Protein chains: 2
Amino acid sequence: MALMTPAPSTLPRRSAEDRREQVLEAAIHEFAELGYQAASTAAIARRAGISQPYIYALFPSKQDLFLAVHDRVVERILSTFREAAQGATDPQDALHRMGTTYPELIGDRFVLLCQLQAYAAAGDPEIREHVGRGFGRLAGEIRALSGCTPAELAAFLAGGMLANVTTILGMPELCDPLWEEKHGRA
Amino acid sequence: MALMTPAPSTLPRRSAEDRREQVLEAAIHEFAELGYQAASTAAIARRAGISQPYIYALFPSKQDLFLAVHDRVVERILSTFREAAQGATDPQDALHRMGTTYPELIGDRFVLLCQLQAYAAAGDPEIREHVGRGFGRLAGEIRALSGCTPAELAAFLAGGMLANVTTILGMPELCDPLWEEKHGRA
DNA sequence: GACGGTTGTGATAGATCAATCAATAATGGC
DNA sequence: GCCATTATTGATTGATCTATCACAACCGTC
């Protein structure tokens, strides 16, 4: 039982808050590409530049980490939409402005894929409840920001879902017509 | 090393084709609720009433089983749509008829959830390619059956996606306005 | 009533992975 | 310059899961 190698020399220590940040960012990527189950804490740790056990000093469990990732992703989407809706004149205009930010959100790619993975993992009741609340918050805020009707909200959300899926499948052309022809008619 | 218990008595044997059928049906349920990674071959076998190793006599690998499930699900959706589109008068009418079958597909529940799980598992390139082909076939057939425009197709697919997600989250009320107010205006 | 193909299973290898724990190095206050 | 606190890791455990293999029970058939 040889004990540990004595850690070559001074490695700079970061605050726990800092590390949590790194882990969250790494986890977003891993969860987005592999899903809740397939993503391993070892891979997340590697990407974050820390050891695998240390994740459990920063988050109580893999599920908690996943839900924290989901919260952050929802928050990021919301802030993007809030910004986009600034100065809109009417509901359609607000939704249109939000819709144009979708490609930007997709540019991040991982944000939307994380959403999809959260839905897929919703077989677990605890996850479903959490993700359901996030989805409700999203829907509520979009309505509040835009003042749209339930039907318009549904159509907007639906477009987002299609964007998710066509992105992950690498078939964006199927989604494009939505944002082109919906409001932007010359 | 006690050898096996001598198998109480005569259990009726089924044809391999029969068994494959049972396994596929069981796998649809397991994959739908848990996803590709989290669903275990042991649980599938238990549900199908066979031993876990026998699955590998019927399907070469878990991934092959998953893709076979996906094919079957796509085929089921297509046949539902084909039936619904019979006797439609124009593209809008055809899409409307197909849309009304969505709740029926959701009644099955597992069919649509399997689709969602397939998208979520598309991080794996082999799965993505297969699922992408299925999605393309779906989109192509819908266009052929209805004669709709690309924008109408996109809106229709988007609605399906939203139906998937609101179903799994148990929030169907967010999706209802789509099918109610879209075409059925009195 | 032996035989060859088919159906089916138990045991198990081999891999992976979440989570725990004890131990150790750096840090900051005093 | 000491001490309590905080950050960080190596080693490991126990569980789980896919896949393989050798073997057994059944079936038609000659």
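On a predicted model such as this, the values are computed, not experimentally measured, just so you know. Residue numbers begin at 1 in each chain, while the letters A, B, ... track the order of the sequences.
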Per A/Pro53 side chain, nearest of listed nucleotides D/dT20, C/dT20, C/dT9: C/dT20
Contact class for B/Ala39 (heavy atom, under 4.0 Å): base, sugar-phosphate, or nothing? sugar-phosphate
Where the side chain of A/Arg14 is defined as all heavy atoms beyond and including C-beta, which of D/dT8, C/dG8, D/dC21 is the nearest nucleotide? D/dT8
Starting at CZ of B/Phe59 and ending at C1' of D/dT20, how long is that distance when rounded to a whole Å? 18 Å
Should the side chain of A/Arg13 and the base of D/dT6 be counted as holding a donor-acceptor pair, with the cut-off at 3.5 Å? yes
For a quick check of understanding: with a heavy-atom distance under 4.0 Å over all strands, which category does A/Ala16 fall into, base, sugar-phosphate or nothing? sugar-phosphate
Taking atom P of D/dC26 as reference, at what distance in whole Å does atom CG of B/Asp18 sit? 18 Å
Could you check whether the rings of A/His70 and A/His130 sit parallel, tilted or perpendicular, using 30° and 60° as the cut-offs? perpendicular
Expressed in angstrom and rounded to an integer, what is the separation of B/Phe66 atom CZ from D/dC17 atom P? 17 Å
Which word best sums up how the rings of A/His29 and A/Phe110 line up, parallel for under 30°, tilted for 30 to 60°, or perpendicular for over 60°? tilted
With a 4.0 Å cut-off, would you call B/Glu33 and B/Arg109 a salt bridge? yes
Is the gap between the ring centers of A/Phe66 and A/Phe59 under 6.0 Å? no
To the nearest angstrom, how far is B/Gln22 atom CD from C/dT7 atom C1'? 13 Å
When all nucleic acid strands are considered with a 4.0 Å heavy-atom cut-off, which category describes B/Ser40: base, sugar-phosphate, or nothing? sugar-phosphate
Upstream residue (5' side of DNA chain D) when A/Ser15 and B/Gln63 are each assigned their closest nucleotide: A/Ser15
Give one of base, sugar-phosphate or nothing for B/Ile55, where a contact means two heavy atoms less than 4.0 Å apart. nothing
Does atom CD of A/Glu173 have more than 12 heavy-atom neighbours, drawn from other residues, nucleotides or ligands, at distances under 6.0 Å? yes
What is the distance, to the nearest angstrom, from the NZ atom on A/Lys62 to the P atom on C/dC17? 8 Å
Without decimals, in angstroms, what is the distance between B/Ile50 CD1 and C/dT6 P? 18 Å
Are OP1 or OP2 of D/dT18 and a side-chain N or O of B/Thr41 less than 4.0 angstrom apart? yes
Please report, rounded to the nearest Å, how far the C1' atom of C/dT16 is from the CD atom of B/Gln37. 12 Å
Nearest-nucleotide 5' precedence on DNA chain C, B/Gln52 against A/Ala38: B/Gln52
OP1, OP2 of C/dG8 versus side-chain N and O of B/Arg19: anything below 4.0 Å? yes
Where the side chain of A/Tyr54 is concerned, which of D/dA7, D/dG10, C/dG8 is the nearest nucleotide? D/dA7
What is the distance from OH of A/Tyr56 to P of C/dA19, rounded to the nearest Å? 4 Å
